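See below for the structure under consideration.
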Amino acid sequence: MSDTRPSTRKGAAVPAADLPEPIRGHRRRTLKLLTVCAAGLVPWTVLLAATLPSVYEVRQWRVTWVGFDALLMVAMASTALLGWLRHRAVIVAGTTTAVLLICDAWFDVSLAFGTSGVWLSAVLAACVELPLAFYLIRRVAGMISLAQWPSAGAPAGSGTQPAAPDA
């Protein structure tokens, strides 16, 4: 997302001066927005830590968890389907599934503190949710590293993108 392009050397990057200015400008604006948002979350998080009650009665507990697990199920099914179809969107679906698994582990364990269910939540997080999430992240990183990106000189939509490797 930055104004650099990876070079042929591992870990090195070179300026993307060959990209059109509108693309570089869009990247800069996006990075500035994300920087401001991340900085803005610091005082917001401190405020929440200082002011939120430690106990809160929830009225839609079942709807919240069933909805979250349904979303996780759709993400997993999408990842599986796109993987079977060998579609490149499996990268987005796999990343989404990994993030949802990490969130599920966090909420399961943190909301079970102080109850007898904390041990089951911790075991599921440590033995199922987090290992699967990290496996997906590793697989997605591997797919990204194998991707053949179009050259900077190829016009957008020219259909000259190299074929994806058969994984």
Side-chain angles (χ1 to χ4, degrees), residues 1-52 56 64-65 67-111 125 129-167:
M1 179 109 20
S2 70
D3 286 339
T4 60
R5 291 197 149 212
S7 74
T8 56
R9 292 177 294 151
K10 189 172 185 154
V14 295
D18 56 341
L19 289 176
E21 180 54 36
I23 293 174
R24 292 188 320 204
H26 180 71
R27 285 180 172 179
R28 280 192 302 274
R29 287 188 298 278
T30 301
L31 292 172
K32 286 177 185 176
L33 173 66
L34 290 172
T35 302
V36 168
C37 290
L41 279 173
V42 172
W44 176 251
T45 304
V46 170
L47 177 70
L48 290 178
T51 61
L52 281 178
Y56 183 77
T64 300
W65 280 110
F68 184 85
D69 284 342
L71 180 64
L72 182 56
M73 178 186 59
V74 168
M76 280 187 191
S78 298
T79 303
L81 177 65
L82 291 166
W84 283 112
L85 296 174
R86 296 181 179 266
H87 194 282
R88 70 179 97 182
V90 71
I91 292 172
V92 175
T95 303
T96 301
T97 301
V99 168
L100 289 173
L101 283 164
I102 293 168
C103 291
D104 194 24
W106 167 261
F107 286 117
D108 285 347
V109 173
S110 66
L111 293 174
E129 295 161 335
L130 294 176
L132 180 55
F134 295 131
Y135 173 78
L136 287 170
I137 291 168
R138 196 177 82 231
R139 292 293 303 184
V140 164
M143 285 183 245
I144 290 171
S145 71
L146 290 174
Q148 295 179 7
W149 304 100
S151 67
S158 66
T160 60
Q161 186 170 356
D166 189 12

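Source: prediction; values computed, not measured. Worth knowing before you read on, the calculation uses all heavy atoms, side chains too, and leaves out hydrogens, waters and symmetry mates.
- Looking at Thr95 and Ile137, their side chains never come closer than 4.5 Å, going by heavy atoms from C-beta outward.
- Nearest heavy-atom pair, Val90 versus Gly83, reported as atom, atom and distance to 0.1 Å: CG2-N, 3.6 Å.
- Smallest separation of non-hydrogen atoms from Glu129 and Asp104: OE2-OD2, 2.9 Å.
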Exercise for the section: Begin with the C-alpha distance, continue with both residues' side-chain angles, and end with the deciding distance and a verdict on side chain to side chain contact (heavy atoms under 4.5 Å, CB included) for Phe107 and Thr64. Expected result: CA-CA 12 Å; Phe107 286 117; Thr64 300; over 6 Å; no

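- Within 6.0 Å of OH in Tyr135 there are 12 or fewer heavy atoms belonging to other residues, nucleotides or ligands.
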Practice task
Check the pair Trp65 / Asp108 against side chain to side chain contact (heavy atoms under 4.5 Å, CB included), numbers first and verdict last.
Solution key: CA-CA 10 Å; Trp65 280 110; Asp108 285 347; 3.7 Å; yes

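- Note: Met76 CE to Leu71 CG = 10.5 Å, rounded to the nearest 0.5 Å.
- Partner Leu100 forms a side chain to side chain contact (heavy atoms under 4.5 Å, CB included) with one of Thr97, Ile102, Thr96 and no other, that one being Thr96.
- Closest of all the heavy-atom pairs between Ala93 and Ser78 is CB-C, 4.3 Å.
- Within the 4.5 Å cutoff, the side chain of His26 has heavy atoms near those of the Thr30 side chain.
- For the residue pair Ala105 and Ala125, the shortest heavy atom distance occurs at CB-CB, 3.7 Å.
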